[in-house]
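One structure is given below, encoded as C-alpha cells.
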Amino acid sequence: MRALRLPADQDEPITALEVHQLEDYQAAVGGWIEPVDIPELGITIYVHEEGLVLGLPFNSRATFLWWYFIPEARHKAMLVGPALIVGLPDRNGDSTSIPNDVARLLTEPGRWRVEAKVKGEKDWMQIPATHTDYFEALVWAMVTLERWRHAEDVRVVPVGSGITIQPIRATDAVDLEHPPAT
C-alpha cells in the first residue's frame, strides 16, 4: 500500500514508498511502531514506540500536523523520529493506502494562508502572510492560536491553488471512537 515517510530532519524530503508487512513499517520508523490516528484526514501516523526514551529528534512536521487536527494532544505529547503515514485501518483493522488528496496536500507545492477567528467577530480574519509549504502554515496557525490572545480558533486555507481540501479549524471536535467512514 502507498505511504509517505516524514523524516524528523526538515531538510530531508518527504518520500513515497510501498509498505506491505510489519517489517516495512518498522524499517520506516527504525523500530517498534505506535499509531496515531487523524480521522479528519483519514490517516494514521506511525512513529517509533520508544522514540522519546531513545532520545530520537523532534519531528515538527508530524507533530504540528497531529496537534492541528487533534487539539487534545497539544502540549501533552510530541512525535519524534521518522514518521510513516498510511490510511486509516479498514473494517478488518488492516491499514490502507494514504488517501491521494492527503498525499498531494503534504507533498505538492502550493500557497497557504492562516485565518483566525477573533473573539466576538463573525468573520474569519486573513493573516496577510502566505506560505509555500503546508507544514510551515500549520506551525504559524498553532503559533497564532497560542500567542494571539484574541484568536479563539485558526484554520489553514489554500490560496488560489486548485487544491480541494476543505479548511478544517484547529478546534473542530474529534470523535476518535467513531471516525468517518471511508
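Along the sequence shown, the residues carry numbers beginning at 1.
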Tell me whether Val36 is reachable from Val86 by hopping between hydrophobic residues (I, L, V, M, F, W, Y) whose side-chain heavy atoms are closer than 4.5 Å. no
So, taking the atom named OG1 in Thr107 and the one named OH in Tyr134, what distance separates them when rounded to the nearest 0.5 Å? 12.5 Å
Quick check: is Val19 connected to Leu88 through a chain of hydrophobic side chains (ILVMFWY, heavy atoms under 4.5 Å apart)? no
What residues, two or more places apart in sequence or in another chain, satisfy ring-ring contact (aromatic ring centres under 6.0 Å, His included) together with His75? Trp67
List in chain and number order the residues that pass side chain to side chain contact (heavy atoms under 4.5 Å, CB included) with Thr132, two or more places apart in sequence or in another chain; answer none if no residue qualifies. none
Any side-chain heavy-atom pair from Asn100 and Arg2 closer than 4.5 angstrom? yes
Salt bridge (Lys or Arg N to Asp or Glu O under 4.0 Å) partners for Arg113, two or more places apart: Glu115
For Val143, which residues count as a side chain to side chain contact (heavy atoms under 4.5 Å, CB included) partner, sequence neighbours excluded? Val139, Trp140, Arg147
Tyr25: what forms a ring-ring contact (aromatic ring centres under 6.0 Å, His included) with it, not counting sequence neighbours? Tyr46
Hey, does Leu4 have a side-chain heavy atom less than 4.5 Å from the side chain of Leu17? no
Show me the pairs that pass side chain to side chain donor-acceptor pair (under 3.5 Å) and involve residues 8-19, at least two apart or across chains. Gln10-Ser60
With Asp123, which residues qualify under side chain to side chain contact (heavy atoms under 4.5 Å, CB included), at least two apart? none
Within-4.5 Å side-chain heavy-atom neighbours: Val80 and Val47: no
ILVMFWY cluster, Ile45 and Leu84 together (side-chain gap under 4.5 Å): no
Check the side chains of Thr44 and Asp37 for a donor-acceptor pair under 3.5 angstrom, ignoring hydrogens and angles. yes
Look at the side-chain heavy atoms of Ile, Leu, Val, Met, Phe, Trp and Tyr, link any pair under 4.5 Å apart, and say whether Val53 and Phe58 land in one connected group. no
Output all residues satisfying side chain to side chain contact (heavy atoms under 4.5 Å, CB included) with Ala137, sequence neighbours left out; order by chain, then residue number. Trp112, His131, Val156
Cluster check Ile33, Leu56: I/L/V/M/F/W/Y, side chain < 4.5 angstrom: no
Met125 backbone acceptor or donor facing Lys117 side chain under 3.5 Å: no
Which residues share a side chain to side chain donor-acceptor pair (under 3.5 Å) with Asn92, sequence neighbours left out: none
Does Trp32 sit in a hydrophobic cluster with other residues, and if so which ones, taking ILVMFWY side chains as linked at heavy-atom separations under 4.5 Å, directly or through other members? none
